Amino acid sequence: QVQLVESGGGLVQAGGSLRLSCAASGGIFGSYAMGWFRQAPGKEREFVAAINWSGSTTYYADSVKGRFTASRDNAKNTVYLQMNSLKPEDTAVYYCAARRGGIATKEWVDYDMNYWGKGTLVTVSS
């Protein structure tokens, strides 16, 4: 059983930056691909980014491409999401998730993932 805990959310002005972290425990972190998802108020949860087991391959939703960067440090069992040029429409609860097998693909959906964190709130003010 893998436990995931997100941190780093908060309130930021439009154009600002935040870095989210997701610390994993209870499994072999390097064997999992990791994903970031978000859920805005009144909307369904959506895919944001995916990163494979080594960090060599990443995928992004079109809405964040060029602004967000996913990375991981397998020695620290942690995955990151660097968010730059934030917009009010990025306001959401951000979740990290793990998928067995280590392979990342584009546009994951909820049922692709095996484990989820509880989320961290990001609020971008205009």
Side-chain angles (χ1 to χ4, degrees):
Q1 187 78 8
V2 174
Q3 292 82 44
L4 302 171
V5 179
E6 301 95 337
S7 61
L11 174 64
V12 63
Q13 289 188 331
S17 298
L18 280 176
R19 188 176 82 154
L20 306 183
S21 299
C22 173
S25 61
I28 303 174
F29 183 66
S31 68
Y32 291 89
M34 300 298 295
W36 287 96
F37 294 74
R38 66 186 182 186
Q39 187 168 21
K43 296 187 176 181
E44 293 188 353
R45 187 156 56 188
E46 64 177 4
F47 168 81
V48 174
I51 184 166
N52 74 333
W53 69 275
S54 67
S56 62
T57 302
T58 53
Y59 298 102
Y60 300 94
D62 288 343
S63 58
V64 307
K65 202 172 294 183
R67 300 187 298 123
F68 289 12
T69 303
S71 61
R72 66 190 294 162
D73 185 339
N74 286 351
K76 295 182 178 180
N77 288 358
T78 302
V79 63
Y80 305 96
L81 185 68
Q82 178 67 43
M83 306 186 296
N84 299 328
S85 301
L86 283 161
K87 305 175 181 179
E89 51 264 43
D90 294 319
T91 295
V93 176
Y94 282 73
Y95 300 88
C96 74
R99 176 179 168 85
R100 298 187 194 100
I103 305 300
T105 58
K106 295 180 181 181
E107 299 290 344
W108 275 329
V109 294
D110 280 15
Y111 58 75
D112 288 323
M113 313 308 290
N114 300 113
Y115 302 102
W116 290 87
K118 293 185 177 180
T120 185
L121 177 63
V122 172
T123 304
V124 184
S125 63
S126 57

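Model, not experiment: these values are computed from the prediction. These numbers come from the heavy atoms of this one structure, side chains and all, not from hydrogens, waters or symmetry mates. Numbers here simply count residues along the sequence, with the first being 1.
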Which residue pairs satisfy the salt bridge (charged side-chain N to carboxylate O under 4.0 Å, His left out) criterion with at least one member in residues 106-123, sequence neighbours excluded? R45-D110
Spatial distance of atom CE (M34) from atom CG (N52) [nearest 0.5 Å]: 12.0 Å
L86 side, atom CG; T123 side, atom OG1 - distance, nearest 0.5 Å: 11.0 Å
Linked, directly or transitively: Y60 and V124 (ILVMFWY side chains, under 4.5 Å): yes
Is there a donor-acceptor pair under 3.5 Å between the side chain of Y80 and the backbone N or O of D73? no
Mind listing the closest non-hydrogen atom pair of A24 and L4 along with its distance? CB-CD2, 3.6 Å
OH on Y115 to SG on C96, rounded to 0.5 Å: 13.5 Å
Side chain proximity check, F29 to V2, heavy atoms < 4.5 angstrom: no
Can you tell me how far apart OH (Y32) and CZ (R99) are? Round to the nearest 0.5 Å. 12.0 Å
Please evaluate residues D90 and K87 with respect to the criterion salt bridge (charged side-chain N to carboxylate O under 4.0 Å, His left out), reporting the C-alpha separation (whole Å), side-chain torsions for both, the decisive distance (0.1 Å), and the verdict. CA-CA 5 Å; D90 294 319; K87 305 175 181 179; over 6 Å; no
R72 side chain vs G55 backbone, donor-acceptor pair below 3.5 Å: no
Sub-4.5 Å side-chain heavy-atom contact between V64 and W36: no
Under 4.5 Å side-chain linkage, directly or through intermediates, the cluster mates of W116: F37, F47, Y59, V93, Y95, W108, M113, L121
Side-chain heavy-atom pair V122, M83 within 4.5 angstrom cut-off: yes
Short side-chain to backbone donor-acceptor contact, T78 and K76, under 3.5 Å: yes
Quick one, Q1 and Q3 - any side-chain contact, counting heavy atoms below 4.5 Å? yes
Rounded distance (nearest 0.5 Å) linking atom CD of E6 with atom SG of C22: 5.0 Å
Nearest heavy-atom pair of S17 and Q82: which atoms, and what distance? CB-NE2, 3.9 Å
Under 6.0 Å from the CD1 atom of I28, do we count more than 12 heavy atoms belonging to anything else shown? no
Closest approach of S125 and L11, non-hydrogen atoms and distance? CB-CD1, 4.3 Å
Do S63 and R38 have side-chain heavy atoms sitting under 4.5 Å apart? yes
Gap separating the CG atom of L81 from the OG1 atom of T120, nearest 0.5 angstrom: 11.0 Å
Nearest heavy-atom approach of N74 to G30 is ND2-CA, 3.9 Å
